[in-house]
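As structure tokens, the structure follows; a few thoughts come after it.
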Amino acid sequence: MRCLRLKKQKEITALHRSGKRVYASSLTVIYLPSDCLKMAVCVGKKYGKSVRRNRIKRLLRAAFSQYTDFLSPCSVLLIPRVSEEYSYAVFVRDIGKILERERLLEHTP
RNA sequence: CGAGCGGACUACGCGGUCGCGGCGUGCUUUUGCGCACGAUGAGGAAAGUCCGGGCAUCGCAGGGCAGGACGCCUGAUAACGUCAGGUGAAGGUGACUUCAAGGAAAGUGCAACAGAAAUAGACCGCCCGUCCCUCUUUUGACCCUUUUUUUCGCAGGGGUCCCGAAAAAGAUUGCGUAGCAAGAUUUUUUGGGAAGAGGAGAAGCAAUCGAACGAAACGCGCUCUUUGCGUGAGCGAAGAGCGGAACGUGAGAUUUGCUUCGACGAGGCAAGGAUGGAAAGGCGAGGUAAGAGCUCACCGACGGGACGGUAACGCCCCGUGCCAUGUAAACCCCGUCCGAUGCAAGUUUGGGACCUUUUCACACAGGGUUGCCCGCCCGAGAAGGUCCGUGAAUAACGCUGGAGCCUUUCGGUGACGGAAGGCGUAGAUAAAUGACCGCGCUCGACAGAACCCGGCUUAUAGGUCCGCUCGUAUC
RNA sequence: GCGGGUGUAGUUCAAUGGUAGAACACUAGCCUUCCAAGCUGGUCGCGUGGGUUCAAUUCCCAUCACCCGCU
């Protein structure tokens, strides 16, 4: 991915502590302005076995990559909600809705 | 055609656009960051982490104890608790399946309840002997031998007189044709060697009285039927019918009616006794006072020998003091094996300066080596603190070419091994396979590598192939 | 990834291979004018599946769920 991965424990705890949380029906987004664009996905053991967790992570990354070219530099953490079914279209729609509402997009796609 | 058994394989496919991981080549760039192209990128279980090994480190690779694992035989393998072939046992009509399958006369422990009794005995019982009182009936008296017997037993065997019964012979007598009846006596066979009733006494059942407790009818009593227990008098349970208006349980006491039992023996036996998972081999016959592998036949168990097999074991013959329950997935014994820690192992970049405490270079003491002991090693470090520096849960290596995979062929029943040829086949580190479109169908299960292999176990929608068994029908 | 541990009543726990127990909770009755407290009684069971054994919560194996440690 072109955007940098958010890796350090320090950065993630800082994000949790002082980032802004935005909620949608399918997921939660935490973001904080920074020098370059970084993102991370948070999928713990409560979401199911490893096959199910990997599928959630793939869907979230694919959905987020639709907007990477238009985003202003900031750190983003994506946390999905626990549910029975996950779909790519719902993730794309909700992420777009949130980013538009928080005016993070530099120009509309 | 139906029902089933065993084995092997597969795990949606094809095409297009965008995107992800590492790799190679090229371009750019001081490096880094990038760009383009190319090929490549999750499994049969990647899972559980239940075993075994490689690999790495630890002054392990010396001994003993402790601890752990395994347990029919032979083989395969780097090794195994795995696999293959066989043996035995159990199950199934069969194909076939399952089995931690050494030792219970080395020792210790445990076996509830039930049952007379639970690893050992004699409660009931069967038999024998001795001994109280009264009465009734009754034929008893001797000799030889230790020959019999596994044992216990006064108890074995033989003979004479006596008594009873049966059979045969038969002098003689009566009636008399035949024949029938009686019958002294003789011979042979067999039996007999005491039996029974009552009393005293003991134990119990029912009725009666009754302290105390409960109770107002779904209760109580009586009769009948069925059934259970007891040797019995009797006591319960269930059902049906009837009864009158009051009782039921009951420590204890007295009388009446009824039932059963002779007592004893440091006697014999273990056949029978509703139990139990298991009752001192099973069953039948002989034998005995009663009994018993006491004897015999068959079956089983154990021991010995011959034969077959590498062996487990099989099969045949002979013998027997039948000496003895189950449990070792209870302790344990015997045999075999095991050093510990796990890639978060470990190696490198990567440290420097100072202070304090402690041990030691003979010994003691200290540290390490496996939980413990002995033994061995360490011989200058070990522990703690402060300051400087620093990217530090970081970076690189370990990291994927390995007991590797495929094909052919040879050896072997097989697991497997040998040879030849070919292939290059994920390597991430907040951790890569997704989204959309089109076509096809049976509409797609379980599920995601994290050092690597060999196994086991568990999860799994379907589909394909091979071999085999049983049943039915037809030929 | 590696190494350990635990599953018993609604809850917290106990147990020698032989009928599974205690406390609290729940519930019915008594007591009280009523409630609480107290007294008397009752209900609720060994994570799952196999095996060893006459008999398994206990012993063995597998499996499921949960917890802890290593950094």
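Here is the naming used below: chain letters follow the sequence lines, and residue numbers restart at 1 for every chain. Note that this is a predicted model, so its numbers are computed, not measured. Note that these values count all heavy atoms, side chains included, but never hydrogens, waters or copies made by symmetry.
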Next on the checklist: Whether Arg61(A) contacts rA431(B) is assessed here as follows: a side-chain N or O lying under 4.0 Å from the phosphate OP1 or OP2. Is that the case?
Outcome noted: yes
Next on the checklist: Using the C1' atom as the point on both nucleotides, what is the distance between rG367(B) and rC58(B), in whole Å?
Outcome noted: 14 Å
Checklist entry - Do you know which two heavy atoms are closest between Tyr88(A) and Leu59(A), and how far apart they sit? => result CB-CD2, 3.9 Å
Item to check | From OH (Tyr23(A)) to CD1 (Ile79(A)), nearest 0.5 Å | outcome: 8.5 Å
Checklist outcome for this item: From CG of Asn54(A) across to P of rA47(B) the rounded distance in Å is 14 Å
Next on the checklist: Pick the closest RNA chain B nucleotide for Val51(A) and for Val41(A) by heavy atoms, then say which residue is nearer the 5' end.
Outcome noted: Val41(A)
Item to check | Linked, directly or transitively: Val90(A) and Ile95(A) (ILVMFWY side chains, under 4.5 Å) | outcome: no
Checklist entry - CZ of Phe91(A) versus P of rG434(B): gap in Å, rounded? => result 16 Å
Checklist entry - Given rA435(B), is OP1 or OP2 found less than 4.0 Å from the side-chain N or O atoms of Arg55(A)? => result yes
Checklist entry - In whole angstroms, how far is the P atom of rC18(B) from the CG atom of Leu59(A)? => result 21 Å
Checklist entry - Pick one for rA42(B): is it syn, with its angle within 90° of 0, or anti? => result syn
Item to check | Smallest separation among heavy atoms of Arg52(A) and Tyr86(A), with atom names | outcome: NH2-CE1, 3.9 Å
Item to check | Residue whose closest nucleotide on RNA chain B lies nearer the 5' end, Arg52(A) versus Ala89(A) | outcome: Ala89(A)
Checklist outcome for this item: If pairing means Watson-Crick or G-U wobble with both distances under 3.5 Å, then the partner of rC20(B) is rG41(B)
Item to check | Whole-Å C1' distance, rA278(B) and rC269(B) | outcome: 24 Å
Item to check | Base partner of rC296(B), which must satisfy Watson-Crick or wobble distances under 3.5 Å | outcome: rG284(B)
Checklist entry - Can you tell me how far C1' in rG85(B) sits from the matching atom in rA461(B), rounded to whole Å? => result 37 Å
Checklist outcome for this item: When both distances are under 3.5 Å in a Watson-Crick or G-U wobble arrangement, the nucleotide paired with rU356(B) is rA383(B)
Checklist outcome for this item: Among the nucleotides rA42(B), rA447(B), rA435(B), whichever has the atom closest to the side chain of Arg58(A) is rA42(B)
Checklist outcome for this item: To the nearest angstrom, the NZ-C1' distance between Lys57(A) and rA428(B) comes to 12 Å
Checklist entry - Rounded to the nearest 0.5 Å, how far apart are CG of Leu27(A) and CD1 of Ile98(A)? => result 5.0 Å
Checklist entry - So how far is it from Ile30(A) CD1 to Leu77(A) CG, rounded to the nearest 0.5 Å? => result 5.0 Å
Checklist entry - Roughly how far apart, to the nearest Å, are rG43(B) and rA76(B) at atom C1'? => result 28 Å
Checklist entry - Between rA78(B) and rG53(B), how far is it from one C1' atom to the other, in whole Å? => result 7 Å
Checklist outcome for this item: Checking N1-N3 plus N6-O4 or O6-N4 for Watson-Crick, or N1-O2 and O6-N3 for wobble, each under 3.5 Å, the partner of rU369(B) is rG375(B)
Checklist entry - In the strands shown, is rA171(B) matched to any nucleotide by a Watson-Crick or G-U wobble pair with both distances under 3.5 Å, and which? => result none
Checklist entry - If anything within 90° of 0 is syn and all else is anti, what is rC67(C)? => result anti
Checklist entry - Quick one: OG on Ser25(A) to CZ on Arg93(A), what's the gap to the nearest 0.5 Å? => result 6.0 Å
Item to check | Atom C1', compared across rC213(B) and rG241(B): separation rounded to whole Å | outcome: 34 Å
Next on the checklist: Nearest to the side chain of Tyr88(A), heavy atoms from C-beta on, is which of rA435(B), rA449(B), rA42(B)?
Outcome noted: rA435(B)
Item to check | Syn or anti for rG293(B) (syn when the glycosidic angle lies within 90° of 0) | outcome: syn
Checklist entry - Are any of Arg53(A)'s side-chain N or O atoms less than 4.0 Å away from OP1 or OP2 of rG448(B)? => result no
Item to check | Integer angstrom distance from the P of rA431(B) to that of rU17(B) | outcome: 28 Å
Checklist entry - In Watson-Crick or G-U wobble terms, both distances under 3.5 Å, what is the partner of rA141(B)? => result rU160(B)
Checklist outcome for this item: Taking a pair to mean Watson-Crick or G-U wobble geometry with both distances below 3.5 Å, rA447(B) pairs with none
Checklist entry - Taking the P atom of each, how far is rU29(B) from rG434(B), in whole Å? => result 39 Å
Item to check | Base-pairing mate for rA312(B) - Watson-Crick or G-U, with both contacts under 3.5 Å | outcome: none
Next on the checklist: Need the glycosidic conformation of rG44(B): syn if within 90° of 0, anti if not. Which one?
Outcome noted: syn
Checklist entry - Phe64(A) CZ to rC20(B) C1': how many Å, rounded? => result 16 Å
